[in-house]
Amino acid sequence: SCDADWITLVPAEDQSYIDISLSENLTNAARTAYIIFSGVTTETFVVTQNAANLTSATNTLEYSQAGGTYLLKINSEVSWSANTSYDWIDVSAISGHAGESEITISTSTNWDSKSRTGSVGFYIGEDIFTSVVIKQDGVRLSTVNELSFRALGESKTAAVEANVSWRILSKPNWVSVTPDAAEGSSMISISTENNADATNRTGIIKLGREGLSQTAEISVAQAGKYFS
């Protein structure tokens with residue numbers, strides 16, 4: 001006899017043997033039960049069933065700011081399901097069968113300046129067996145903080161580090177910037193006109209993108225004419 005509902009005992013017609021069948025263990029822990037054979041003597045057998053096994057090819061996926069799609073392999077001994085609570089993560093299959101499966105995990109574009117982290121959980125029954133961490137870069141847009149120019153006017157270069165397209169949103173009218181827009185990182189040339197005034201002048205060059213809150217600014221200062 002056995003009181004475990006996951007064990008089935010089927011005696012042979014002649015009672016010469018007994019078939020012992022176990023149902024799938026859909027928990028993340030091993031389980032143990034006892035089978036008692038009564039006759040002239042009583043014997044007890046211990047039956048232990050391991051927890052089901054589920055693994056993924058990697059535990060972390062990293063995405064660029066633009067988003068993308070990865071193909072992930074899942075190996076499981078039993079049927080499984082997948083779930084994520086993050087609305088910027090999409091999973092192509094929410095369930096699979098025993099054996100090797102392939103699913104795609106996609107992320108949408110991240111328009112925030114901060115990177116973000118989420119996860120996809122893989123379940124057997126009600127228990128989570130493993131999870132894949134999803135990391136995605138945020139918007140990157142930066143350049144030099146300030147540049148100084150002589151009164152006669154001159155040109156200087158500056159590096160713009162970016163993972164999005166950008167353009168010059170505003171600048172002083174005595175400053176020119178080339179190029180005034182680019183896709184990703186670029187070198188720009190900043191030129192100033194001759195300052196015929198004895199007074200120093202300053203201004204801000206603002207780089208950004210329409211609809212994007214993050215901007216980069218370069219403070220520009222130009223000396224005034226010196227008269228002796």
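Values reported hereafter were calculated over all heavy atoms of this structure, with side chains retained and with hydrogens, waters and symmetry mates removed. Counting begins at 1 with the first residue of the sequence.
No more than 12 heavy atoms of other residues, nucleotides or ligands lie within 6.0 Å of CD1 in Ile94, so this atom counts as exposed by the packing criterion. Within a 6.0 Å sphere centred on NZ of Lys225, other residues, nucleotides and ligands contribute more than 12 heavy atoms. Heavy atoms of other residues, nucleotides or ligands lying less than 6.0 angstrom from CD of Glu146 number 12 at most. Around atom CG of Asp19, more than 12 heavy atoms belonging to other residues, nucleotides or ligands sit under 6.0 Å away.
Side chain of Thr143 to main chain of Ala159: a donor-acceptor pair is present (N/O by atom type, distance under 3.5 Å, no hydrogens or angles). Not one N or O on the side chain of Ser101 forms a donor-acceptor pair closer than 3.5 Å with the backbone of Gly96. Looking at Gln136, its side chain does come within 3.5 Å of a backbone N or O of Ser108 through a donor-acceptor pair. Formation of a donor-acceptor pair under 3.5 Å by the Asp112 side chain with backbone atoms of Arg116 is not found in this model. In this structure, the side chain of Asp197 does not engage the main chain of Gly224 through any donor-acceptor pair within 3.5 Å.
Cluster annotation: Ile188 and Val220 are assigned to the same hydrophobic cluster (Ile/Leu/Val/Met/Phe/Trp/Tyr, side-chain heavy-atom contacts under 4.5 Å, transitive). A continuous path of ILVMFWY side-chain contacts below 4.5 Å connects Leu9 to Val47, so both sit in one hydrophobic cluster. Note on Tyr63: it clusters hydrophobically with Trp88, by side-chain heavy-atom contacts below 4.5 Å among ILVMFWY residues. The hydrophobic cluster containing Ile190 does not contain Met187, counting ILVMFWY residues as joined when their side-chain heavy atoms lie under 4.5 angstrom apart, directly or transitively. Placement of Val91 and Leu72 within a single hydrophobic cluster is found when ILVMFWY residues are connected by side-chain heavy-atom separations under 4.5 Å, directly or transitively.
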As a quick check of understanding, evaluate side chain to side chain contact (heavy atoms under 4.5 Å, CB included) for Ile35 and Thr44, giving each step before the final call. CA-CA 6 Å; Ile35 301 175; Thr44 300; over 6 Å; no
Start with the C-alpha gap between Ile168 and Ile205, add the side-chain angles, then the distance that decides, and say whether side chain to side chain contact (heavy atoms under 4.5 Å, CB included) holds. CA-CA 7 Å; Ile168 301 300; Ile205 301 172; 4.1 Å; yes
Just do the side chain to side chain contact (heavy atoms under 4.5 Å, CB included) check on Asn195 and Trp174 with the steps written out, would you? CA-CA 9 Å; Asn195 184 5; Trp174 44 273; over 6 Å; no
Please report the C-alpha distance between Tyr70 and Thr104 in whole Å, then the side-chain angles of each, then the deciding distance to 0.1 Å, and finally whether the side chain to side chain contact (heavy atoms under 4.5 Å, CB included) criterion is met. CA-CA 5 Å; Tyr70 279 107; Thr104 57; over 6 Å; no
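In terms of heavy atoms, Trp166 sits closest to Gly184 at NE1-O, 2.9 Å. Closest approach of Gly208 to Leu141, counting heavy atoms only: CA-CD2, 3.8 Å. For the pair Leu54 and Ser76, the tightest heavy-atom approach, listed with the atom from each and the gap, is CD1-OG, 3.8 Å. Shown here for Arg201 and Glu193, the closest heavy-atom pair between the two residues is NH2-O, 3.4 Å. Scanning all heavy atoms of the two residues, the minimum distance from Val132 to Phe122 falls at CG2-CE1, 3.7 Å. Val175 and Lys171 make their closest contact through O-NZ, 2.5 Å (heavy atoms, listed as atom of the first residue, atom of the second, distance).
Within the structure, salt bridge (charged side-chain N to carboxylate O under 4.0 Å, His left out) contacts touching residues 149-159 (residues at least two apart or in different chains) are Arg150-Glu154. The list of ring pair (Phe, Tyr, Trp, His ring centres under 6.0 Å) pairs with a residue in residues 21-49, not counting sequence neighbours, reads Phe37-Phe45.
Taken from CZ in Arg31 to CD1 in Ile7, the straight-line distance is 8.0 Å, to the nearest 0.5 Å. Here the CD atom belonging to Glu62 is positioned 10.0 Å from the CD1 atom belonging to Ile134, to the nearest 0.5 angstrom. Note that the CD1 atom of Ile204 and the CG atom of Leu207 stand 11.0 Å from one another [nearest 0.5 Å]. Atoms CD and CG, from Glu77 and Asn50 in turn, are 8.0 Å apart once rounded to the nearest 0.5 Å. Rounding to the nearest 0.5 angstrom, the gap separating the OG atom in Ser131 from the OH atom in Tyr123 is 8.5 Å. Atom CG in Asn163 sits 5.0 Å away from atom CD in Gln65 (nearest 0.5 Å).
In summary, the side chains of Arg209 and Ser165 do present a donor paired with an acceptor at a separation below 3.5 Å, with no hydrogens or angles considered. Inspection of the Thr69 and Ser106 side chains reveals an N or O donor paired with an N or O acceptor under 3.5 Å. Using modelled atom types and a 3.5 Å distance limit, the side chains of Ser155 and Ser191 yield a donor-acceptor pair.
Using a 4.5 Å heavy-atom cutoff, the side chains of Thr215 and Leu169 are in contact.
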